[in-house]
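Keep in mind the model is a prediction, meaning the values are calculated, not measured.
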Amino acid sequence: MIETHASTPATPTQAQARKIVRRTRGNRHGPITRLMSPSDFGHVLKPFVFLDLFDMENATLQGMGLHPHSGIATVSYLFEGSVRYEDSTGATGVLPAGGVEWFKAAHGAWHGGGLGDAGRARGFQLWLALPPDHELGPVENVYLAPDAVARNGPARVLVGTHGGATSSINAPASLNYLAVRLRAGESWRYQPAFDHTVGWVALSTGRLLVPERVEAGELAIFESSAGAIAFRADVDTEFVLGSAAPHAHDLVLGQYSVHSSPATLRAGEQRLSEIQHRLQAEGRL
């Protein structure tokens with residue numbers, strides 16, 4: 001259920017507030033802030049295991065060459081600007097603001113990119129741990145134009161289903177990942193699925209009351225519950241929101257990979273090595 005309006009915002013007395021239990025501003029490295037990784041909040045919020053907030057211009061980013069992943073899926077979303085992408089399947093292009101990149105590395109793949117024609121890029125990149133029946137499966141890459149992204153009220157449904165809108169990306173587990181814009185004074189109520197006891201929000205710009213204040217650059221984690229979350233924008237605000245059923249598997253980490261066991265990690269890293277040799281032979285590395 002979604003409610004958006006400016007005149008009668010939700011308050012803690014109108015809805016049982018789902019409490020924030022932890023929050024962070026992450027670790028910043030130049031134009032990129034890592035808000036979550038498997039060694040900290042990713043362990044709490046799995047299947048969500050990495051989250052980067054980026055705000056880049058020509059002067060701050062020269063681009064990132066092809067680099068490997070396995071066992072995870074990457075979801076990139078821009079609120080502003082554009083980015084170039086390429087991957088080891090041969091796909092290349094430019095992702096504009098409002099578009100979605102879904103790159104399911106699974107058994108192993110390489111990808112990279114940099115700033116697009118706009119000379120600026122502001123948004124989020126999320127990594128999802130894949131369940132055992134997907135982590136060594138085929139690579140899948142989907143690049144959605146802005147008008148192909150499902151929408152319900154102020155929310156763009158990047159992955160999952162919400163309010164009758166369903167993403168065309170096939171989620172590997174029960175999860176939702178939404179991008180939301182609210183104007184100052186607007187409120188919005190998010191009701192997660194019954195099994196989505198994992199929940200968090202991260203702001204690119206602005207300030208929210210939930211009812212505690214959450215500001216731009218913060219990641220806030222909600223208590224374990226499937227209860228609704230009421231948001232009110234104190235100023236114009238752009239944010240992403242994730243909810244999911246808990247990922248009931250270990251996080252076994254490699255240098256570029258996240259798997260559920262040492263055996264699947266070895267299989268993924270072996271595949272990455274094979275792709276590396278091919279890319280070197282093709283002159284792409």
Side-chain angles (χ1 to χ4, degrees), residues 18-27 32-53 68-77 100-109 124-137 139-140 157-162 167 169-179 190 192-202 218-227 229 239-269:
R18 188 166 166 184
K19 295 180 181 178
I20 292 172
V21 292
R22 302 175 75 176
R23 60 172 74 210
T24 182
R25 286 190 170 274
N27 297 299
I32 300 173
T33 300
R34 175 142 295 173
L35 294 169
M36 178 200 317
S37 64
S39 59
D40 48 57
F41 293 105
H43 184 75
V44 176
L45 293 173
K46 60 183 183 179
F48 308 102
V49 292
F50 287 98
L51 181 67
D52 284 351
L53 166 63
H69 294 296
S70 67
I72 54 178
T74 300
V75 191
S76 301
Y77 181 81
V100 178
E101 175 197 28
W102 166 262
F103 190 69
K104 183 179 175 184
H107 196 182
F124 289 91
Q125 189 168 64
L126 172 72
W127 286 260
L128 299 167
L130 297 173
D133 56 340
H134 283 259
E135 65 181 314
L136 293 180
V139 175
E140 180 179 88
V157 184
L158 311 185
V159 183
T161 298
H162 177 64
S167 171
I169 292 168
N170 185 23
S174 179
L175 64 91
N176 286 342
Y177 182 44
L178 314 179
Y190 174 66
F194 75 95
D195 59 341
H196 286 199
T197 56
V198 173
W200 55 270
V201 64
E218 282 193 285
L219 165 71
I221 299 173
F222 296 103
E223 64 184 331
S224 179
S225 166
I229 307 170
F239 61 98
V240 290
L241 167 72
S243 71
H247 181 78
H249 309 284
D250 291 336
L251 299 181
V252 180
L253 310 181
Q255 187 173 1
Y256 304 101
S257 306
V258 179
H259 284 271
S260 65
S261 71
T264 53
L265 175 62
R266 287 193 296 271
E269 291 186 333

Closest contact, heavy atoms only, His249 versus Ser260: CB-CB, 4.1 Å
Using every non-hydrogen atom in the two residues, find where Ala129 and Ile72 come nearest and quote the distance to one decimal. CA-CG2, 4.2 Å
Assess the residue pair Phe222 and Ile20 against the criterion (side-chain contact (heavy atoms from CB on, under 4.5 Å)); give the C-alpha distance rounded to whole Å, side-chain angles, the decisive distance to 0.1 Å, and a yes or no. CA-CA 4 Å; Phe222 296 103; Ile20 292 172; 3.8 Å; yes
Run the numbers on Leu178 and Tyr190 for side-chain contact (heavy atoms from CB on, under 4.5 Å), then give the verdict. CA-CA 10 Å; Leu178 314 179; Tyr190 174 66; 3.6 Å; yes
Below 4.5 Å, heavy atoms only, C-beta onward: do Val49 and Leu251 meet side chain to side chain? yes
Once ring pair (Phe, Tyr, Trp, His ring centres under 6.0 Å) is applied, do any residues pair with Phe103, and if so which ones, sequence neighbours excluded? His111
Of Val159, Val157, Leu158, the residue whose pairing with Val100 passes side-chain contact (heavy atoms from CB on, under 4.5 Å): Leu158
Can you tell me how far CG of Asn176 sits from NE2 of His162, rounded to the nearest 0.5 angstrom? 7.5 Å
Indicate the ring-plane relationship of Phe48 and Tyr177, choosing parallel, tilted or perpendicular according to the 30° and 60° boundaries. tilted
Distance in Å, Leu45 CG paired with Leu35 CG, rounded so as to fall on 0.5 Å steps: 11.0 Å
The ring pair (Phe, Tyr, Trp, His ring centres under 6.0 Å) partners of Phe50 (sequence neighbours excluded) come to Trp127
Holding to side-chain contact (heavy atoms from CB on, under 4.5 Å), I want the full list of residues that pass it with Ser224, two or more places apart in sequence or in another chain. Thr197
Between CZ of Arg34 and OG1 of Thr24, what distance do you get to the nearest 0.5 Å? 12.5 Å
Working to the nearest 0.5 Å, report the span between CG of Leu219 and OG1 of Thr33. 11.5 Å
For Glu223 and Lys19, indicate whether the former's side chain and the latter's backbone hold a donor-acceptor pair under 3.5 Å. yes
Hey, does Pro132 have a side-chain heavy atom less than 4.5 Å from the side chain of Thr264? no
His196: what forms a ring pair (Phe, Tyr, Trp, His ring centres under 6.0 Å) with it, not counting sequence neighbours? none
How long is the span from the NE2 atom in His43 to the CG atom in Asp250, to the nearest 0.5 Å? 8.5 Å
Tell me, with the steps shown, if Val198 and Lys46 meet side-chain contact (heavy atoms from CB on, under 4.5 Å). CA-CA 8 Å; Val198 173; Lys46 60 183 183 179; over 6 Å; no
Report the residues that fulfil ring pair (Phe, Tyr, Trp, His ring centres under 6.0 Å) with Phe124, sequence neighbours left out, ordered by chain and then residue number. none
Between Leu130 and Lys104, what is the shortest heavy-atom contact and its length? CD1-CG, 4.0 Å
Does the pair Glu269 and His259 meet the rule for a side-chain contact (heavy atoms from CB on, under 4.5 Å), with working shown? CA-CA 10 Å; Glu269 291 186 333; His259 284 271; over 6 Å; no
Between Trp102 and Thr74, is there a side-chain heavy-atom distance shorter than 4.5 Å? no
Who passes side-chain contact (heavy atoms from CB on, under 4.5 Å) against Ala245, sequence neighbours left out? Ser174, Asp195
Do the side chains of Arg18 and Pro192 get nearer than 4.5 Å, heavy atoms only? yes
For Arg23, is there an ion pair with Glu218 - N to carboxylate O distance below 4.0 angstrom? yes
What closest approach, in Å, do Leu253 and Pro38 show between heavy atoms, and which atom pair accounts for it? CD2-CB, 3.7 Å
Roughly how far, to the nearest 0.5 Å, is CE of Met36 from CG of Leu51? 5.0 Å
